[in-house]
Amino acid sequence: MSEQRDYKDTVFLPKTDFPMKAGLPQKEPGILARWEEADLYARIREARKGREQFILHDGPPYANGDMHIGHALNHILKDMVCRTQTLLGKDAPYVPGWDCHGLPIEWKVEEQYRKKKKNKDEVPAKEFRAECRAYAQHWVDTQREQLKRLGVCGNWDKPYLTMDFEAEATIVAELLKFAESGQLYRGAKPVMWSPVEKTALAEAEVEYEDIVSTQIDVAFEITDSPIESLIGAYAVIWTTTPWTIPVNQALAYGPDVKYHHYRAHDGRRFLIAVDLLEAFFARTGLGPVAEDPEGDITLSEYSLGTYHGEELAGTVARHPMHALGGFFADPRPFLPGDFVTTDSGTGLVHMAPDHGEDDFDLCKAHGIGPKFVVEADGRYREDWLWLPRTDERSMSVIHPKFNAPEGPVCQDLHETGALLAASADYKHSYPHSWRSKAKVIFRCTPQWFVPMDKVIDRDTPRCAAEAEIRAAQGDGETLRQTAMRALSATRFVPEKGRNRIGSMVEGRPDWVLSRQRAWGVPITLFVDRKTGEYLCDPEVNTRIVTAIHHGGVDAWDEENAQALLGNAYDAEDYERVTDILDVWFDSGSTHAFVLESGRWPELTRPADYAGPPADLYLEGSDQHRGWFQSSLLESCGTRGRAPYKAVLTHGFTMDSKGMKMSKSLGNTVSPLDVMRDYGADIIRLWALSVDYTEDHRIGPEILKGVADQYRKLRNTFRYMLGALSDFNDAERLPVTEMPELERYMLVLVGQLDATLRQAVDAFDFNAYVRALSDFCNEDLSAFYFDIRKDCLYCDAPHDPRRRSYRAVLDTLFHALVRYAAPVVVYTAEEVWSTRYPAGDSVHLLEWPDLPSAEADMDKWTQLRSLREKVNEAIEPLRREKTVRSGLEAQVTVPAAAVPAGTANAALTELFITSTVTCSDEGEMRVEPTTHHKCGRCWRHLPDVKEDGTLCGRCEDALATVEDAG
RNA sequence: GGGCCGGUAGCUCAGGUGGUUAGAGCGUACGCCUGAUAAGCGUAAGGUCGGAGGUUCGAGUCCUCCUCGGCCCA
């Protein structure tokens, strides 16, 4: 065998500096720095100025702690939305924001105090708030850097903070709109209250612990009933909080519970739920017979009647302490309560609206209000009829002695004969204060509310603002009705969100606005000490807003009261409300502050624009109860419509087994770690690959899969970059002069384009990423690139086939880099700058304009399926090493399987074999080639004289190259 | 405990109005190539569609119950 010439240096191999290995964690920060230096966000705004707007309004995350996986997912989705809209040519700005007020921050600052042995109560409020402000600012700055690192493109230099003075002023102004239109009232509501700390507690400040309580059974004598036989019988209630009996105001029954009226062995008649009789007998010994050792009593002998709960409506009892007169002598009505069960107790529940949520709601619905007789320290009011304050009895209601079977309540009940049983042996879990570890009670305190079902009164308008709001809201519509109407005009992605928020709005109680806290926006109301009405004077309100605007929330203090009230009022006559606003009101007002203030020109709508200022709100599904709803109610109450046109919700990120992440389980995945180990583009690709509409998972295996997917995408770009090295626009050919394969590929990329556009419209990003990825894998790498490898490497540079291929590659490159840019933002930039080192950012580009092309798609579908069959047929020969690659195979296919008019040469090219011939046989045949192998292109062709010499095509190609050289 | 949502190959996902042997990509295994080379190509294996009942000639798709998980509320 003669020495063969090595033709390697005559083959046009891909040439690129673009590395196969990404090294994203090292590379990304540099790319980010370049964007910042070039002020890319501002340049994109400039480039899209005047275009159709797409306003995504950022829901403010809480400024507390590092970015976690939920933040990452949420912001990647937001970034994807803005970037795809921008790519489509719209002006889609992104102004990030933070929620800065509220309890968790207060806590952290208090915690720091405790470490320094400082007492919060000794620190002036202004100083305390200043520390809260500083604490929030610290986390805003931290999260801002972390989110930037994720590749999120936005106005990071000017985010919105709910603690900005302007924001605080806007929030107050929004509150005053509610006030001026009569949509505020002062009511009461049971809240968790710590008698030790003398303060209301939030749910998060409470922990549950197992304790042993006194359980008592108390008889309430029935004084009237539609069921006459019940009169004179005793309704029995069971409770573990004896201290609430002196404020009992009603009894609740379960409408679907069955009750028994029977005569006990002592002659008294009792009313009890059927299912709970046995337990009741065990506690009280009040069975129909004194002793029942055999347990074989038949109640029917002693039964005086069985009643369905509903039949008890209209029944009235009297309080065991009715002899005290006054409050205690009033009748105690039976009320229907859905919450009444037969899990424990007697099936009848005593109602003290002062001290229970169910109690409060049920009583309120029947016109019975709380009495406010337990004071902040947990003691009964001195003048309360029941209990003269003797030393012995004057103690906090949480005191064990107070509730003991020997305690004052049980004693008194016992004396009246109403106490059927009392024992200090009931184990259950009960809320305690996080800080003092002391027991907590429910206690009614005055709170400010926004009514859900009040029609703004037409006859007595308070202020000019009211007229405006009336006009915006439907005529005679309640806030709930306005909100429901607004929801029906909103697009939900996914659609099921509508149902979720809808049922919440439908069933929610009035909005409690007030919190007894320090770090927040004040409820800036002056209440007339005589009438209890809040002052509603637009001039005063204007002064208040202006003061907050200049001085922040600190401006609402006692010293300023007279100045704010002005000359028309005397501060002495008014109580300055010191509650602060629920932080949900803060965030519910961000649309006003961020979208309508003009402070962010990129968010400002044209003067003639009407309708919701935001195109989209995009948050986790927990925000159905949170921000989506608070924004809806705030906007409906002040503008009569939702602040958004569409709402997109995403699920939560679970660990690799689908379990919720928690620090204690040690299964958390930090986006900061993922960025450090894999890079931001990997976590972005992950977020955009999963089905965000549901809960989804992340874990090592999943990330490995995402990294693999990334590598394929990256290599696709690397190949294109290499194949397009030295590409010259002059190489291009008109589409109509291109080979069919090229035209087919152009149609395919056109289909991909349509799929991607549709995915963008539907915010269906996993479909977007999958379509892109599948196209790279199936249509490019395994099909087009593989087939055209020979053409790229070996055709002469001027060959129309090669020119066509490179032209299509160039089209593909420009399309794909744009499609990929919103997803892998860093890599797309790296790809783009590798090809155009002096060029501008890839993120300034617009959606690709594809050349129109036509191809016989049915024919190509047939050819590709035939190609699969050929591969299957070659496989056995490869297995037995008869041939090693397809290039050594000679294939005979049934002519019937080949689309009409397809040349054998075309099939050979397509199947990457030595030759393909058609025959009339029904079976496909594969055999090893008899042709020699070209030394340059390695194909086995008839015109190669011996192995290692050249085929005609390569000879010509070499000749032209040498001529040119 | 209540409301709402979900459970399709190892992983990520497709599977209008119920209709032939449940699909894709990745990963895996095996093989090829060594001129995209920590790359590329090919073939193959993998699922009792969370479980149990039911409706139907026929159910991943409809109904009921159970189970596991999630969000919100209590």
Side-chain angles (χ1 to χ4, degrees), chain A residues 6-16 18-21 203 338-339 341 343 357-358 494 496-497 499-504 506-508 620-626 629 649-661 685-686 688-691 693-712 714-723 764 766-767 769-778 781-783 785-787 789-790 792-794 867-868 870-881 883-889 912 936-938:
Chain A
D6 182 7
Y7 289 98
K8 182 163 179 171
D9 54 354
T10 73
V11 173
F12 309 113
L13 297 176
K15 213 163 60 188
T16 178
F18 188 80
M20 189 139 61
K21 190 170 173 352
E203 180 61 41
D338 293 332
F339 51 86
T341 66
D343 294 341
E357 264 190 306
D358 287 337
K496 65 191 173 195
N499 179 27
R500 180 123 181 233
I501 191 170
S503 60
M504 285 178 182
E506 216 161 27
R508 68 157 296 149
S621 60
D622 56 336
Q623 298 305 326
H624 284 112
R625 179 159 292 278
Q629 198 179 149
T649 51
H650 56 79
F652 280 70
T653 304
M654 303 296 133
D655 75 359
S656 52
K657 293 186 187 110
M659 304 293 272
K660 167 193 186 144
M661 290 185 190
L685 194 55
W686 163 79
L688 298 169
S689 302
V690 299
D691 179 4
T693 65
E694 300 291 346
D695 290 347
H696 45 267
R697 305 171 181 202
I698 193 168
E701 190 190 359
I702 293 166
L703 284 168
K704 190 180 160 289
V706 173
D708 284 332
Q709 192 189 2
Y710 171 83
R711 229 171 278 130
K712 186 76 187 192
R714 184 177 178 88
N715 275 313
T716 302
F717 279 113
R718 185 175 123 91
Y719 173 78
M720 285 192 285
L721 286 167
D764 188 355
N766 86 54
V769 168
R770 189 153 24 86
L772 185 60
S773 205
D774 286 357
F775 183 77
C776 289
N777 287 319
E778 288 302 288
S781 191
F783 181 72
F785 293 173
D786 204 32
I787 291 165
K789 198 189 274 191
D790 170 72
L792 178 74
Y793 291 179
C794 299
R867 186 173 190 262
E868 278 179 36
V870 169
N871 274 328
E872 278 171 43
I874 295 173
E875 189 60 19
L877 281 78
R878 300 172 87 162
R879 292 271 161 202
E880 62 191 32
K881 316 279 186 196
V883 301
R884 285 175 302 175
S885 77
L887 284 173
E888 293 177 9
I912 322 181
R936 181 162 174 270
C937 69
W938 296 349

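As the structure is a prediction and not an experimental result, all values here were calculated from the model. Reckoned from all heavy atoms, side chains included, excluding hydrogens, waters and symmetry mates. Just so we're on the same page: letters track the sequence lines, and every chain starts at 1.
- A heavy-atom distance below 4.5 Å is not found between the side chains of Ser656(A) and Glu701(A).
- One interatomic measurement links the two molecules: CD of Glu694(A) to P of C4(B), which rounds to 15 Å at whole-angstrom precision.
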| task | Mark up nucleotides 43-48 of chain B, 5' to 3', with B wherever a protein heavy atom is under 4.0 angstrom from a base atom, S wherever such an atom reaches only the sugar-phosphate, and - elsewhere. | result | B-----
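- For Arg884(A), whose side chain is taken as the heavy atoms from C-beta onward, the closest listed nucleotide among C32(B), G35(B), C71(B) is C32(B).
- Here the separation of C32(B) from A14(B), taken at their P atoms, is 37 Å to the nearest Å.
- Under the 90° criterion around 0 for the glycosidic angle, G58(B) counts as anti.
- Between Thr16(A) and the phosphate of A36(B), there is no side-chain N or O to OP1/OP2 separation shorter than 4.0 Å.
- Which of G40(B), C26(B), G31(B) sits closest to the side chain of Arg878(A) comes down to G31(B).
- Annotation: the span from Thr649(A) atom OG1 to Gln623(A) atom CD amounts to 10.5 Å, rounded to 0.5 Å.
- RNA chain B is contacted by both Gly658(A) and Val690(A); Val690(A) maps to the nucleotide lying nearer its 5′ end (nearest heavy atom per residue).
- Separating the CZ atom of Arg697(A) from the C1' atom of G6(B) is a distance of 11 Å, rounded to the nearest angstrom.
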| request: Go through His650(A) and Thr693(A) one step at a time and tell me if the side chain to side chain donor-acceptor pair (under 3.5 Å) criterion holds. | output: CA-CA 5 Å; His650(A) 56 79; Thr693(A) 65; over 6 Å; no
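- A59(B) and C33(B) have their P atoms separated by 49 Å, given to the nearest Å.
- Counting any heavy atom pair closer than 4.0 Å across all strands shown, Tyr719(A) reaches a base atom.
- Looking at the side chain of Asn715(A), the nearest of the listed nucleotides G35(B), C32(B), G40(B) is G40(B).
- Asp358(A) has its CG atom 12 Å from the C1' atom of G1(B), to the nearest Å.
- Comparing the same atom, C1', in C71(B) and in U55(B) gives a spacing of 32 Å after rounding to whole Å.
- Stacking between Trp938(A) and G35(B) is present: the aromatic ring centre lies within less than 5.5 angstrom of the base six-membered ring centre, and the two planes differ by under 30 degrees.
- Distance check on atom C1': G50(B) versus U56(B) gives 23 Å, rounded to whole Å.
- Residues Ile501(A) and His624(A) meet the side-chain proximity criterion, which asks for heavy atoms closer than 4.5 Å.
- Among the heavy atoms of the strands lying under 4.0 Å from Arg936(A) is at least one base atom, whether or not backbone atoms are also near.
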| field | B/S/- contact track for nucleotides 20-25 of chain B, protein heavy atom under 4.0 Å | value | ----SS
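- Of the listed nucleotides (G35(B), G31(B), G70(B)), G31(B) has the atom at the smallest distance from the side chain of Lys881(A).
- The side chain of Lys712(A) contributes an N or O atom lying less than 4.0 Å from OP1 or OP2 of C41(B).
- Helical stems of RNA chain B (runs of at least 3 Watson-Crick or G-U pairs, donor-acceptor distances under 3.5 Å) are listed by first residue: B:1-7 with B:67-73, B:10-13 with B:23-26, B:28-32 with B:40-44, B:50-54 with B:62-66.
- At the phosphate of G35(B), OP1 or OP2 sits under 4.0 Å from a side-chain N or O atom of Lys8(A).
- Annotation: side chain of Met720(A) is not in contact with side chain of Phe18(A) (no heavy-atom distance under 4.5 Å).
- Put simply, the side chain of Arg867(A) reaches to within 4.5 Å of the side chain of Ile912(A), judged on heavy atoms.
- Under the 4.5 Å side-chain criterion, counting only non-hydrogen atoms from C-beta, Gln709(A) is not in contact with Cys776(A).
- Closest to the side chain of Arg625(A), out of G42(B), G3(B), C73(B), is C73(B).
- Distance check, rounded to the nearest 0.5 Å: OH of Tyr7(A) to SG of Cys937(A) gives 11.0 Å.
- We find that CE of Met720(A) is positioned 15 Å from C1' of A39(B), with the value rounded to whole Å.
- Sequence order on RNA chain B of the closest nucleotides to Tyr793(A) and Lys704(A) puts Lys704(A) first from the 5' end.
- Closest to the Ala782(A) side chain, of the nucleotides G27(B), A38(B), C41(B), is C41(B).
- Between Asn499(A) atom CG and G3(B) atom C1' there is a gap of 10 Å when expressed in whole angstrom units.
- Note that the OG atom of Ser773(A) and the CG atom of Asn766(A) stand 11.5 Å from one another [nearest 0.5 Å].
- Whole-Å rounding puts the Leu703(A) CG to G27(B) C1' distance at 15 Å.
- Here the straight-line distance linking atom CZ of Arg697(A) with atom CG of Asp655(A) works out to 8.0 Å at 0.5 Å rounding.
- One can place NZ of Lys496(A) at 6 Å from C1' of C5(B), the figure rounded to the nearest angstrom.
- Separation of atoms NZ (Lys789(A)) and SG (Cys794(A)) is listed at 11.0 Å; rounding is to 0.5 Å.
- The shortest distance between the side-chain N/O atoms of Lys660(A) and the OP1/OP2 oxygens of C71(B) is below 4.0 Å.
- Of the inter-residue distances, the one linking Asp764(A) atom CG with Leu688(A) atom CG reads 11.0 Å to the nearest 0.5 angstrom.
- Rounded to a whole Å, the CG atom of Leu792(A) is 16 Å from the P atom of G40(B).
- Among the heavy atoms of the strands lying under 4.0 Å from Phe785(A) is at least one base atom, whether or not backbone atoms are also near.
- A gap of 37 Å separates the P atoms of G6(B) and U43(B), to the nearest Å.
- You'll find the side chain of Asp695(A) stays beyond 4.5 Å of the side chain of Lys660(A), heavy atoms only.
- U12(B) and A74(B): their P atoms are spaced 33 Å apart (whole Å).
- Counting only heavy atoms from C-beta outward, the side chains of Leu13(A) and Tyr793(A) approach each other to under 4.5 Å.
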| Given the rule in the ring pair (Phe, Tyr, Trp, His ring centres under 6.0 Å) test, do Phe785(A) and Tyr719(A) qualify, once you have shown the distances and angles that lead to the verdict? | CA-CA 9 Å; Phe785(A) 293 173; Tyr719(A) 173 78; 4.5 Å; yes
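- C57(B) and G25(B) have their C1' atoms separated by 37 Å, given to the nearest Å.
- For Ser689(A), whose side chain is taken as the heavy atoms from C-beta onward, the closest listed nucleotide among G27(B), A14(B), U12(B) is U12(B).
- Among the nucleotides C71(B), G40(B), A74(B), the one closest to any side-chain atom of Asp622(A) is C71(B).
- Only the C1' atoms considered, U21(B) is 42 Å distant from G3(B), to the nearest whole Å.
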